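In what follows, chains carry the letters A, B, and so on, assigned in the order in which the sequence lines appear, proteins first and then strands, with residues in each chain numbered from 1. Everything numeric in this text was worked out from a predicted model, so none of it was measured.
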Amino acid sequence: MTDAHYHSIRFDASACHGCMACLRVCPTQAIRVRRGHAVMIEDRCIDCGECIKVCAKNAVVPLTASPSGLGGYDYTVAIPSPALYTQFDGEVTPGTILQALRNSGFDEAATLSWSCGAVTHAIELYFAEYRGPGPLISSFCPSVVRLVQIKYPELVDQLLPVLSPREVAAREAKRKAAADTGLPLDRVHAVYVTPCPAKMVSIVDHPGMEASYIDSAVGISDLFPLLAPVIREVQTSHAKVPETETAAGLGWAFSINLPSTLPAEDTLSVWGLPNVLRILDDIDKGKLQRYTFVECHACFEGCVSGALTVENPYVARARALRLQQSLPKRDLVDAAEMRARHERGEFRTTVPFAVRPPSPLGRDIVTAIARMQERDGIAAGLPGIDCGACGSPTCATFAEDVVMGEAEQAQCVVLRQGQLEEQLARLAAQGAAATQERGREIR
Amino acid sequence: MTEAEFVRAYEIVGADFTNAGRASTSIKETLKNMGLASALIRRVAIAAYEAEMNTVMYARRATMTLHVTPADVTIDVQDEGPGIPDIQLAMQEGYSTATAAMREMGFGAGMGLPNIRRNADQFAITSEVNRGTALVMTVHVG
Ligand SMILES: Nc1ncnc2c1ncn2[C@@H]1O[C@H](COP(=O)(O)OP(=O)(O)OP(=O)(O)O)[C@@H](O)[C@H]1O
Ligand code: SF4
Ligand code: SF4
Ligand SMILES: [Mg+2]
C-alpha cells in the first residue's frame, strides 16, 4: 500500500478545543485551526508527533495498531524499539521485558542487538566506498527523512542509503521464524513496538524501500499498561530469562553507534527539530562539507522522548546508560559474514529517496507570479506579530492561505480591530459634528 | 500588455552575521513556493547566498532585489561600501581580502564571485571605490 498522503496521526474534531497549542509547535507549519478545530495540511506533515506531545485534550490520535487487534496471524514477532527498555521503573532487564512480551501473546520477541551491530558495520563499509558530497545525513528517523524530502529536496541524495536496525531486525526475525516453524514468510507478522508515530508511516510507505519488512506497529504508550503487570509476574516467577540484548543495542535508544572509522570530531549529532532544521539549512548552503556524517533525530533526547513514550525522557536516558553498563559489551557480528552480505547489497536501501515538495502557489509560472505578488501585498498589511488567532501559525502563512482561498483576510483580528477603531472614531467624529450642528440651530 | 513580474526587495545590514543568509534563504523558499525547477533554484540560491555574504562581509548596507518573470529570475544587489578597486582581480578564483575573523567563520576562499558567475546565465558587476558595488545576475527559466 502506498498512499501519497498517508499519515500516522489524525485530529479528532470532537475532542479539539482549537486552543492552538499544536499550531505553534508544528515545525513545518502543517496545522491550521479552521472553524475552531485543528486540521492538517497533508503534504507538509512529517509525522513528528510534536502536536501529540503538546495536546492537552488528546485530540491528536496516533493511528498505531491497538495491542488487542494483533491476533489473527499464524505467527507474530514483537520487535521492540530499544526505547521500550527504558520505560519501566526499577531495574527491569531487557530479557524480562522480552519474556513479558512472549507471555502476553506474541509468539516471539526479538531484540535489535545483532542488527544494531550489523548496521554499524554496514555504515563503515558504505563510507569506505562513498565518494559523493559530504556530509551524509542519517536516515533512521523517519521524520527527519520526510523533512528532507519536503523541505530540502536538494539533499535527498545525501541521505544515508543504509537500512535501519529495525528493518534489518524484522527481516532476520521473520526469516528465522519461517525457518523454525516451516511457515511461509508472508504468514509471519512483525510488529514494531514504537516510540513514535513516524515509524508507523515508514511501515506503510518506507522511503528508500519498495516495502517495509515490518507489518504493523503498536505504540509504547498503548502497550505499557498491559505489559507492566506481566513484567511483575515474570519477575516474581524467578524463571530464568535469557539476556539477548547488548550494550550496543541499548545505545541506539538515543544515538547511533558510529563505527570507529568515523571519528567523532568529523561527525555531528543533532537532536530536536529546531536544531535539525538549522543544521539542514547549513548543509543546504554547503557550509558543513568538512563533516562526513550528520546524525539527526527529530526528538530532543532521541527516541527515548518519542511522542508515544511514557517515561520522562531524561530519566529514560539515565536508565539506558545504567542498562548499557550492566549488559554484555560483545559484538555479535561476524566481520567476514557482514562483508559478504554487504557486497550482496543486503543492508542497502533499494530505491532512491524521492523528493516530496508541497504543492506550489500556482501550477504555472504566470499564476505563481500573480499569487506571490498578491501574497506580498496581503502580508504587507498584516501586523507581523504571528498571534495565530486567524488560525494560521504565522502572518506569512496566513497571507498564503488567503491567496490560496483557504482563509479570509477578515479573519485577522488585529486588522479587524483596527478597522473597528477607525469606524468608531469616524462615528464619534460624525456624532460630535452633529451635536455642534444642533448646538448652532438652538442658538 | 506588460509581462507578469514579481519583485521583492531585501535590506541587508553590513557585519550583521546573526541574520546573514536570511535573504537568500527566503529567496529560495519563495522560488520553491512558486514551483520553479529545483536545479534552477539551486543555482539562484548559491549565487544569492554568495552575493548576500559579500555585502555582509564587505559593505555597510545593501538592497537585494528578486525579480521573477516567466522567462527568468534576476537578483540585483546594490550596496553602499568600499567598492572593488580591481574587479578583474576580485573575479579571480582564490583572490580574497577576507580578514582572519571572516576566515575563522569559514569565508574567504575567494570563490564567491567566480561561483556567482558560474551559476548565472547573465552576470554584470560594476563598482565605484568608496561608494559601492552593483551586481546583477540572471538565470533563465526555460
Ligand atoms: N560587495 C563587495 N564590496 C567590496 N568588496 C567586495 C565585495 N564583494 C567582493 N569584494 C571583494 O572581492 C573579493 C573576492 O570576493 P569573493 O566573493 O570571490 O571571495 P571572498 O568573499 O573573499 O571569499 P568567499 O566568497 O569564498 O568566502 C573579496 O575578498 C573582496 O575583497
Ligand atoms: S506530526 Fe509534526 S509535522 Fe505533523 S502536524 Fe503534528 S507537529 Fe506538525
Ligand atoms: S527521534 Fe526517534 S522517536 Fe523521535 S520521531 Fe525520530 S525515530 Fe521517532
Ligand atoms: Mg564572497
Side-chain angles (χ1 to χ4, degrees), chain A residues 28-29 41 43-44 133 147-158 277-291 353-380 384 394 396-397 399-401 403-404, chain B residues 1-10 17-53 56 65-74 105-107 109 111-112 115 119 139-142:
Chain A
T28 56
Q29 280 93 46
I41 301 178
D43 59 6
R44 290 192 187 199
L147 184 62
V148 171
Q149 293 179 299
I150 289 176
K151 214 168 144 60
Y152 300 95
E154 293 85 355
L155 297 181
V156 288
D157 294 333
Q158 275 165 259
L277 279 164
R278 273 170 52 194
I279 281 288
L280 292 176
D281 230 49
D282 282 352
I283 299 175
D284 204 26
K285 290 203 172 82
K287 280 193 195 172
L288 300 175
Q289 285 166 9
R290 77 170 297 287
Y291 295 94
F353 291 102
V355 301
R356 305 170 67 106
S359 47
L361 280 188
R363 282 187 176 281
D364 59 274
I365 180 78
V366 177
T367 314
I369 287 173
R371 293 211 173 128
M372 195 54 89
Q373 255 165 347
E374 196 189 334
R375 179 224 166 269
D376 276 16
I378 293 166
T394 61
T397 46
E400 275 169 37
D401 292 345
V403 171
M404 295 309 285
Chain B
M1 193 190 107
T2 52
E3 232 198 345
E5 184 178 19
F6 169 70
V7 183
R8 188 194 282 156
Y10 298 87
F17 284 92
T18 321
N19 292 309
R22 291 221 178 145
S24 36
T25 301
S26 163
I27 287 176
K28 186 173 177 180
E29 291 293 319
T30 303
L31 298 180
K32 270 194 217 169
N33 219 341
M34 295 175 80
L36 290 167
S38 75
L40 173 139
I41 296 176
R42 186 156 216 180
R43 287 166 64 199
V44 175
I46 292 171
Y49 178 65
E50 293 294 352
E52 179 177 8
M53 288 319 301
V56 171
T65 314
L66 165 71
H67 303 258
V68 186
T69 71
D72 39 41
V73 178
T74 299
M105 287 186 277
F107 303 107
M111 291 304 291
N115 251 334
N119 283 292
V139 178
H140 300 314
V141 169

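For B:K32, the parts lying near chain A are the backbone and the side chain together; criterion is any non-hydrogen pair under 4.5 Å. Heavy-atom distances place both the backbone and the side chain of A:K151 under 4.5 Å from chain B. Of the atoms belonging to B:E29, it is side-chain heavy atoms, and not backbone ones, that fall under 4.5 Å from chain A.
In this structure a side-chain-to-backbone donor-acceptor pair under 3.5 Å is missing from B:S26 to B:R22. Using modelled atom types, one side-chain atom of B:E52 and one backbone atom of B:A23 make a donor-acceptor pair closer than 3.5 Å.
A:P360 and A:M404 get closest at one heavy-atom pair: O-CE, 4.3 Å. For the residue pair A:I150 and A:P358, the shortest heavy atom distance occurs at O-CD, 3.6 Å. Residues A:A354 and A:V156 come closest through the heavy atom pair O-CG1, 3.6 Å.
Along residues 66-73 of chain B, the residues that come nearer than 4.5 angstrom to chain A, judged on non-hydrogen atoms, are B:V68, B:T69, B:P70 in order of number. Contact residues of residues 277-285 of chain A toward chain B are A:D281, A:D284, A:K285 (heavy-atom distance under 4.5 Å). Heavy-atom neighbours of chain A within the stretch residues 34-43 of chain B, taken at a separation under 4.5 angstrom, comprise B:M34, B:G35, B:L36, B:S38, B:I41, B:R42.
Taking CZ from A:R375 and CG from A:L361, the interatomic distance works out to 8.0 Å, rounded to the nearest 0.5 Å. A:E374 contributes atom CD, which lies 12.0 Å from atom CZ of B:F6 (distance to the nearest 0.5 angstrom). One distance of note links OG1 of A:T394 with CD of A:Q29; it measures 5.5 Å at 0.5 Å rounding. Here OG1 of A:T397 is found 8.0 Å from CD1 of A:I41. Values are rounded to the nearest 0.5 Å.
With salt bridges taken as basic N to acidic carboxylate O contacts below 4.0 Å, one links A:E400 and A:R44.
Taking 4.5 Å as the limit, every side-chain heavy atom of A:V148 sits out of range of all side-chain heavy atoms of A:F353. Between B:M53 and B:F17, some side-chain heavy-atom pair lies under the 4.5 Å cut-off.
Judged as a salt bridge (Lys or Arg N to Asp or Glu O under 4.0 Å), not a single pair has a partner in residues 357-373 of chain A (not counting sequence neighbours).
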